[in-house]
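What follows is a short report on a single structure.
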Amino acid sequence: MEIKEYIAQATGLSHDVLHVHVGLALYLCARVIFQGRGGAIVSFSLIVVIALLGEMSDFVINDGVLSSREPDHLADIIGTCFWPMMLCGISLLDLRDIRVSLPATQLDRETQPRAVN
C-alpha cells in the first residue's frame with residue numbers, strides 16, 4: 001500500500017485535505033528554519049518544489065499513465081501551495097504602512113497631551 005493511501009485511511013481524511021495540511025505543515029516548518037527577510041519566499045519556493053516533485057513521482061510510479069483513479073495533479077499542486085502562498089504574501093506585506101483612521105475615544109483624549117495656552 002502506498003504511504004499516501006495508508007495515511008488517508010489512518011486519518012480518515014481525503015487526499016485533498018491531506019495536501020492542504022501537508023503544505024501548511026511544511027511551510028510552517030520551513031519558516032522556522034528560514035527566518036529573516038527572505039525566509040517567506042524561500043519557504044514558499046520549497047513548498048512548490050516539494051509539491052511538483054511529489055506529483056512527478058506519482059506520475060512516474062504509475063508508469064506515466066494517468067488513470068481515472070489518480071487525482072488531478074494540478075489540483076493537488078494548487079491544494080498544497082495555496083495557503084502557503086497566502087501566508088507568504090501576508091508576511092511580505094509591510095503592515096506598518098497600513099494606517100487605520102479610527103475615531104478618537106475618551107481614553108485617547110485623556111492620554112493625549114493638552115495644549116498649553
Side-chain angles (χ1 to χ4, degrees):
M1 179 186 306
E2 189 178 341
I3 192 165
K4 284 184 183 180
E5 295 294 329
Y6 176 76
I7 294 172
Q9 287 181 358
T11 60
L13 298 173
S14 71
H15 289 277
D16 295 334
V17 173
L18 286 175
H19 276 276
V20 171
H21 282 79
V22 167
L24 278 171
L26 290 175
Y27 179 78
L28 293 175
C29 289
R31 283 296 286 141
V32 168
I33 295 168
F34 301 108
Q35 297 178 2
R37 195 164 181 90
I41 293 175
V42 171
S43 299
F44 177 66
S45 300
L46 182 66
I47 299 306
V48 171
V49 168
I50 290 171
L52 290 172
L53 289 174
E55 291 308 311
M56 284 177 21
S57 71
D58 286 349
F59 187 75
V60 170
I61 287 171
N62 295 316
D63 298 324
V65 177
L66 293 175
S67 64
S68 60
R69 68 178 181 81
E70 287 301 312
D72 182 23
H73 295 287
L74 183 59
D76 287 349
I77 293 169
I78 291 170
T80 304
C81 297
F82 180 76
W83 286 112
M85 178 182 64
M86 292 293 117
L87 292 174
C88 177
I90 289 169
S91 69
L92 293 176
L93 288 176
D94 189 2
L95 298 178
R96 292 171 294 177
D97 289 341
I98 299 174
R99 305 279 193 264
V100 178
S101 176
L102 298 175
T105 63
Q106 182 65 31
L107 182 61
D108 291 337
R109 287 186 211 109
E110 291 172 357
T111 57
Q112 291 180 359
R114 299 186 187 270
V116 178
N117 292 354

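These numbers come from the heavy atoms of this one structure, side chains and all, not from hydrogens, waters or symmetry mates.
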Legend entry - Interatomic distance, I77 atom CD1 to E55 atom CD [nearest 0.5 angstrom]: 5.5 Å
Inset, instruction - Kindly determine whether I33 and V42 satisfy side-chain contact (heavy atoms from CB on, under 4.5 Å), including the steps that lead there. - result: CA-CA 10 Å; I33 295 168; V42 171; over 6 Å; no
Inset, instruction - To the nearest 0.5 angstrom, please state how far the CG atom of L18 sits from the CD1 atom of I7. - result: 7.0 Å
Legend entry - F34-L92 co-clustered via ILVMFWY side chain contacts under 4.5 Å: no
Legend entry - Heavy-atom closest pair, residues P84 and F44: C-CD1, 3.9 Å
Inset, instruction - Could you pull out the closest heavy-atom pair between S43 and Y27, with the gap in Å? - result: CB-CE1, 3.6 Å
Inset, instruction - Could you check if a side-chain atom of S91 sits within less than 4.5 angstrom of a side-chain atom of L87, using non-hydrogen atoms only? - result: no
Legend entry - Q35 side chain to V32 backbone, donor-acceptor under 3.5 Å: yes
Inset, instruction - Give a yes or no answer on whether the side chain of S57 reaches the backbone of G54 with a donor-acceptor pair at less than 3.5 Å. - result: yes
Inset, instruction - Could you list all the side chain to side chain donor-acceptor pair (under 3.5 Å) pairs where at least one residue sits in residues 79-90, not counting sequence neighbours? - result: H19-T80
Inset, instruction - Please tell me if the side chains of L52 and V48 come closer than 4.5 Å, counting only heavy atoms from C-beta onward. - result: yes
Legend entry - Hphob cluster co-occupancy, M56 + I50, side-chain heavy atoms under 4.5 angstrom: no
Inset, instruction - For the pair V20 and D16, evaluate side-chain contact (heavy atoms from CB on, under 4.5 Å) and give the outcome as yes or no after the intermediate values. - result: CA-CA 7 Å; V20 171; D16 295 334; 6.0 Å; no
Legend entry - M86 reachable from L46 in the ILVMFWY side-chain graph, under 4.5 Å edges: yes
Inset, instruction - Any chance you could measure F82, atom CZ, to L24, atom CG, to the nearest 0.5 Å? - result: 10.5 Å
